[in-house]
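Notes follow the structure.
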Amino acid sequence: MFKVALLPGDGIGPEIAQEALKVIEKVKARFNIEIEIREGLIGGIAIDEKKTAFPDETKEICDWADAILLGAIGGPKWETLPPEQQPERAALLPLRKRYELYANLRPIVVFPELIEASPLKREILGESGFDIMIVRELTGDVYFGQPKGIFEENGHLKGLDTMVYHDWEVRRIAKVAFEIAKNRRKELTSVDKANVLASSVLWRNVINDVAKEYPEVSVKHMYVDNASMQLIRNPHQFDVIVTGNMFGDILSDEAAMLTGSIGMLASASLGEGKALYEPVHGSAPDIAGKGIANPIAMILSVALMFRYSFCKNDIASSIEEAVRVVLREGYRTPDIAGISKNARIVGTVEMGSLIAERI
Ligand code: IPM
Ligand code: MG
């Protein structure tokens, strides 16, 4: 019996969560497996209904589950709250930290059917697109380093964040990245800012140390500013990228856009036991409730859940293939319609049904 916590959250979250459920129902029937799903409130909706972004009931559901499936959280309604009460700081970051979900995998995949949606020139993108795995450290760095806050000093205010990495934090994320690289092109690019930052000098030393355990994987180090340029100049030079929390946040949005739509990208956040799956896009309040949100990133996050939490590669692949088939048939939500003339524009619910039918 697989135990799943479903946290739809805010904005388009509930709409895409509904389509994830549809896919899970289809998987249950088709593969004859048992999955129990419990739903919880998180983010702005939890603030509205329970006065806190990450209520105790939701923590209990997550404690019970093997995998947590999250829609999206946040929105303009809660942006005026004191920072520490806002959904991102009060729910998303504590959720990642509670279960030490230190390894954030963001597969950046260009679907050949959507190549025309990428802002990159065809000659840079190539005919078959590219496939990069970003491995972002998720529970350390300047996101969580202490001290942190706004302090008074000599009659002035000082905003302070602390960028810090411990050797054990770098070592464990390095191992995840090397293991992934070992099973792919055997090339790992580690991104840091070792020409300026002490935490990056340590990062680089630890990566080199772990590299000795993986002689079959070749390692390249790149400064983050250069990496952000190289991603656009020639994305094909990258296969697996490992980097810290802050650089990974920025580079993954940049890489996401190379694929044409952030609405296609799934993510997995892994720790020692439990794992969290969520689309890379946010709550998209501007299109919430309109029935036009793209559910594919959420559905592909379900696929990652079957792959990484439940070791069901066959199910994961059949979901991913169903997505490819639907795209090949020309179905598009508005965000990925691009310039293609034969696009068959569909809404959230229809896209979810089409994919579920093809599993
Ligand atoms: C992400 C998001 C979050 C982050 C925000 C919402 C706190 O941008 O998952 O990339 O910075 O990690
Ligand atoms: Mg981000």
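Atoms within a ligand are numbered from 1 in the order they appear, just like the ligands themselves.
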*Does E278 reach ligand 1, in the sense of a heavy atom lying below 4.0 Å from it?*
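Heavy atoms of E278 never come under 4.0 Å of ligand 1.
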*Mark the output for R106 as yes if a heavy-atom distance to ligand 1 is under 4.0 Å, and as no if none is.*
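Under 4.0 Å: yes for R106.
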*Does any donor atom in the side chain of Y99 or D63 lie under 3.5 Å from an acceptor atom in the other side chain?*
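Present: a donor and an acceptor within the cut-off.
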*Residue pair Q230 / Q237, side-chain donor-acceptor N/O under 3.5 Å*: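 Q237 and Q230 do have a side-chain donor-acceptor pair below 3.5 Å.
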Please report which non-hydrogen protein atom sits nearest to [atom], along with the residue it belongs to and the distance in Å to one decimal place.
atom                   : answer
atom 2 (C) of ligand 1 : D249 OD1, 4.0 Å
atom 6 (C) of ligand 1 : E88 CG, 3.6 Å
atom 4 (C) of ligand 1 : Y143 OH, 3.4 Å

*Polar contact flag for N245 and ligand 1 (N/O pairs, less than 3.5 Å)*: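 No; the residue has no nitrogen or oxygen that sits under 3.5 Å from a nitrogen or oxygen of the ligand.
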*Under a 4.0 Å N-O cut-off, is there an ion pair linking R184 with D131?*
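The answer is yes: the pair qualifies as a salt bridge.
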*Min side-chain heavy-atom separation E137-Y165 under 4.5 Å*: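 They are in contact (side-chain heavy atoms under 4.5 Å apart), so the answer is yes.
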_Per-atom contacts, ligand 1 versus R136 - under 4.0 Å to a heavy atom_ =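 Those qualifying, in numeric order: 1 (C), 4 (C), 9 (O), 10 (O), 11 (O), 12 (O).
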*Could you tell me how the ring of F130 sits relative to the ring of H236: parallel (under 30°), tilted (30 to 60°) or perpendicular (over 60°)?*
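Ring orientation, 0 to 90° scale: perpendicular.
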_Geometric class of the F310/F306 ring pair [parallel <30°, tilted 30-60°, perpendicular >60°]_ =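 If you compare the ring of F306 with that of F310, the planes turn out perpendicular.
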*D249, N/O/S atom nearest the Mg ion (ligand 2)*: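 It is OD1 of D249.
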